[in-house]
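One structure is given here, and the rest of the page talks about it.
Residue numbers begin at 1 in each chain, while the letters A, B, ... track the order of the sequences.
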2 protein chains.
Amino acid sequence: MKTVSAAQTLSEQIRDGNLFAEQCPSRDVLKHVTSRWGVLILVALRDGTHRFSDLRRKMGGVSEKMLSQSLQWLELDGFINRVAYPVVPPHVEYSLTPLGEEVSEKVAALANWIELNIPQVLAHHAKQVA
Amino acid sequence: MKTVSAAQTLSEQIRDGNLFAEQCPSRDVLKHVTSRWGVLILVALRDGTHRFSDLRRKMGGVSEKMLSQSLQWLELDGFINRVAYPVVPPHVEYSLTPLGEEVSEKVAALANWIELNIPQVLAHHAKQVA
DNA sequence: CAGCATCCAAGAAGATACTG
DNA sequence: CAGTATCTTCTTGGATGCTG
């Protein structure tokens, strides 16, 4: 926990970022993490190191471009480790960093909730029609 | 908890949706919930009922259009309650449903983590340059 | 195998004007 | 106040072809 200066207001003292502020960099991180493929990558890497193709096979419907782009975002944010072995053919391994483990935990919790509660949501959709 | 048939495999028995499956409806729900404004709406409504304009003011940078569209998605998914009072000028209140309280909890956990750990991420960005 | 570069389509998002 | 309608812009995402 960081120390709080007297000048800080109550609402600012706890958090360092503020998603409700338009120009806060946290918005970008949120974007990467909650992006269409970012979520899946983070969850997939929870059960261990994966190679590029492994990830691609595992996540239905991702293109090479988007997979590599999403991986780069997450790597730059410090959530993912990329290790390239200098062999032919190329061999690259992706894994979570300690920081990545933390976010992925939160993301996975959300993903799990959704997977478990899809029936409720679908039931609600059905009611709309009636 | 649903009952599990003998035919189900270990990995399938717990969850009803599967985000790794391309055509699973859970992907749509995830999209709504993790959308740029969906996250903010869900988090904002955690501290009580809000009117349309209240939400708009609170969330930096949303357009009327996107706010109303995002609200509609979340309402259709059963996460949000919309109550319109038949008065002039119009008065509409948005709040979380019990189901919405649950997702928003997960979403808020993620949002909080990001706001708190922005410094780490930014520090990592800085290292890339060097 | 693991990608990058390029081009293109679709959808998300924004600005503005208007309505019950 | 709480939207809708419309138009435009930008980003996301996909297809294809090429490379170390």
Side-chain angles (χ1 to χ4, degrees), chain A residues 19-25 27-42 44-45 49-77 80-95, chain B residues 19-25 27-42 44-45 49-77 80-95:
Chain A
L19 287 169
F20 288 99
E22 198 169 352
Q23 22 58 292
C24 181
R27 286 237 176 141
D28 294 318
V29 179
L30 183 73
K31 181 184 243 171
H32 301 159
V33 168
T34 63
S35 70
R36 183 167 180 192
W37 307 115
V39 182
L40 282 305
I41 291 173
L42 255 10
L45 288 182
T49 296
H50 282 67
R51 298 184 56 174
F52 189 84
S53 304
D54 292 340
L55 280 172
R56 189 150 142 63
R57 249 186 308 278
K58 193 163 182 171
M59 305 168 23
V62 77
S63 65
E64 288 177 358
K65 178 185 156 189
M66 292 315 300
L67 179 55
S68 97
Q69 186 174 108
S70 303
L71 284 167
Q72 283 174 38
W73 284 337
L74 296 174
E75 192 194 351
L76 285 172
D77 285 343
I80 281 186
N81 255 320
R82 180 184 182 276
V83 181
Y85 297 94
V87 295
V88 210
H91 184 111
V92 181
E93 294 192 338
Y94 293 95
S95 59
Chain B
L19 288 169
F20 289 100
E22 199 169 352
Q23 20 59 291
C24 182
R27 286 240 176 138
D28 293 319
V29 179
L30 184 73
K31 180 184 243 169
H32 301 159
V33 167
T34 63
S35 70
R36 181 164 185 194
W37 307 116
V39 181
L40 282 304
I41 292 174
L42 255 9
L45 289 182
T49 296
H50 282 66
R51 299 184 57 173
F52 189 86
S53 306
D54 292 339
L55 280 172
R56 188 147 153 32
R57 249 186 309 278
K58 193 163 183 173
M59 305 169 24
V62 221
S63 64
E64 290 176 355
K65 178 187 154 189
M66 290 316 299
L67 179 55
S68 97
Q69 185 175 108
S70 302
L71 283 167
Q72 284 174 37
W73 284 337
L74 295 173
E75 192 195 351
L76 285 172
D77 286 342
I80 281 186
N81 255 321
R82 179 184 182 278
V83 181
Y85 297 94
V87 295
V88 210
H91 183 111
V92 181
E93 296 193 336
Y94 293 94
S95 58

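- Within the 4.0 Å cut-off from OP1 or OP2 of C:dA12, not a single side-chain nitrogen or oxygen of B:Trp73 is found.
- OP1 or OP2 of D:dT4 sits under 4.0 Å from a side-chain N or O of B:Ser68.
- The heavy-atom pair separating A:Leu74 from A:His32 by the smallest distance is CD2-O, 4.2 Å.
- In this structure a side-chain-to-backbone donor-acceptor pair under 3.5 Å is present from B:Arg27 to B:Leu19.
- For A:Lys65, the listed nucleotide lying nearest its side chain is D:dG13; candidates were D:dG13, C:dA13, D:dA2.
- Counting any heavy atom pair closer than 4.0 Å across all strands shown, A:Arg56 reaches no nucleic acid atom.
- The nearest pair of heavy atoms linking B:Val62 to B:Arg56 is O-NH1, 2.9 Å.
- Checked for salt-bridge contact, A:Asp28 and A:Lys31 miss the test: no charged N lies under 4.0 Å from a carboxylate O.
- Remark on DNA chain D: of its neighbouring residues A:Glu64 and A:Arg36, the 5'-side contact belongs to A:Arg36, judged by nearest-heavy-atom nucleotide.
- Of the listed nucleotides (C:dA2, D:dA2, C:dC7), C:dA2 has the atom at the smallest distance from the side chain of A:Ser53.
- With distances taken from any side-chain atom of A:Met66 to the nucleotides D:dC1, C:dA2, D:dG13, the minimum falls on D:dG13.
- Residue-level contact check: B:Pro90 touches the bases, meaning some heavy atom is under 4.0 Å from a base atom.
- Of the side-chain N and O atoms in A:Arg51, none sit less than 4.0 angstrom from OP1 or OP2 of C:dC1.
- Considering only side-chain N and O atoms, B:Tyr94 lies under 4.0 angstrom from the phosphate OP1 or OP2 of D:dG3.
- The residue A:Gln72 sits close only to the backbone: its heavy atoms come under 4.0 Å of sugar-phosphate atoms, none of a base.
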